[in-house]
Amino acid sequence: MFLSERARAIAPYTAGEQPSDKRYVKLNTNENPYPPSPLAAEALKKFDADRLRLYPRPDADGLRAAIAKAEGVSPENVFCGNGSDEVLALCFPAFFDTDGKGACFAEYTYSFYDVFARFFSVPCVKIPMKEEFYLDFDRMGACSCDGYLIANPNAPTGVGVPRGEMERFISSVPDRIVIADEAYMDFFGESCVPLTACYRNLLVVKTFSKSYSLAGIRCGYAVGDAALIDGLFRMKDCFNSYPVDAVCQEVCGAAIADAKYHAETVSRVVAERGRLREALLALGFTVPESRANFLFAGRSRLSGAEIYRQLKDRGVLVRYWEKPFLRDFCRITVGTREQNDVLIAKLKEILA
Ligand code: PMP
């Protein structure tokens, strides 16, 4: 009885399970199976607890400078938030009006966009995909909207759009903002960050959760024209002045400076992704080519939910959705070689 109408009516996003009942081979939330950079671990160990008496730097200047250096931009072009989910959330009030034409995104994409749009009362325009898996840029360009969210690589399909194709689209809609959600981009290597210097309508959002193995610390960032970054700061300061804590600023700053370790970890995941996809194809799964750290796999006469249940009984966690089309697939995070071998062995058991 104390809840607002909004709180009662809204359907929140459902995060993947983080079970504590037993140890699973956990391939359900696209975490990185390898540890964070030793430099990040060192920064964490050296962190002086006395510093926690004080509030952190509200604008995360030191971390923004480290990100700017790594991304080849200036600090005024960087915004940091508590996970890229928070950065994406702030994009809705920053760039879309409640009585505007709305935010456009693909029919099958990151389901949080829909939740954010409803939470911030921003209309949304959903565009069907071409042959289920591919963005229909012609329809997106022709629709009536104020801007776009494009997960690239897409979730949960893993399909990636090369930078050249993104640039053609971004340049064709100069009066509309394009928010490229590059949570998984480091596993593809076609980031649009270099285009932010040329296109004032482009904002790229990235995260430390995936390729940097730091999902537990909660840090994401946006790169774009200073005017867009200013819009995000205006929203942040209406909501939480200190979204990035002091430990996080230190640890993520150290992680992003360790380019060598990052590249090595990414290439290990990418190599395993190829091997795992081949194994799934050999078992008769349909698996679109993935550019992310997960595979979207479906098999006729077995729903995603059924695969999930049978694998969970055998100690392996994957993710599924109860939605048209998506329900025929499950999403499998690329694990270590050993974890992937367990997954394949369990799938063979199930299919037998
Ligand atoms: N974008 C996409 C496409 C994602 O799949 C995720 C992870 N669920 C995020 C953004 C958010 O990641 P984080 O908040 O951990 O940065």
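When a ligand or atom number is given, it counts from 1 through the structure's own listing order. All figures in this text were calculated on a predicted structure; none of them were measured in a lab.
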Side chain, backbone, both or neither: which part of [X] has a heavy atom under 4.0 Å from ligand 1?
X      : value
Tyr184 : side chain
Glu86  : neither
Ala183 : side chain
Asp181 : side chain

Within ligand 1, which atoms have a heavy atom of [X] less than 4.0 Å away?
X      : result
Gly83  : 14 (O), 16 (O)
Arg218 : 13 (P), 14 (O), 15 (O)
Lys210 : 7 (C)

Charged N to carboxylate O below 4.0 Å: is that the case for Glu272 and Arg275? yes
Going by an N to O cut-off under 4.0 Å, is there a salt bridge joining Glu167 and Arg163? no
If you count every heavy atom of other residues, nucleotides or ligands that lies below 6.0 Å from Phe239 atom CZ, does the total exceed 12? no
Give the C-alpha distance, both sets of side-chain angles, the deciding distance and a yes or no for side chain to side chain donor-acceptor pair (under 3.5 Å) between Lys346 and Gln310. CA-CA 9 Å; Lys346 300 298 175 192; Gln310 299 229 29; over 6 Å; no
Which pair of non-hydrogen atoms, one from Glu322 and one from Ala305, has the smallest distance, and what is that distance? OE2-CB, 3.9 Å
Do any nitrogen or oxygen atoms of Thr207 lie less than 3.5 angstrom from nitrogen or oxygen atoms of ligand 1? yes
Nearest protein heavy atom with distance in Å, relative to [atom]:
atom                    : answer
atom 12 (O) of ligand 1 : Ser84 OG, 3.3 Å
atom 15 (O) of ligand 1 : Ser209 OG, 2.6 Å
atom 8 (N) of ligand 1  : Tyr110 OH, 3.1 Å
atom 11 (C) of ligand 1 : Asp85 OD1, 3.1 Å

Can you classify the ring geometry of Tyr242 versus Tyr55 as parallel (below 30°), tilted (30 to 60°) or perpendicular (above 60°)? parallel
Give a yes or no on whether the ring-centroid distance for Tyr221 and Phe208 is below 6.0 angstrom. yes
Is the Tyr184 to Phe188 ring centre distance short of 6.0 Å? no
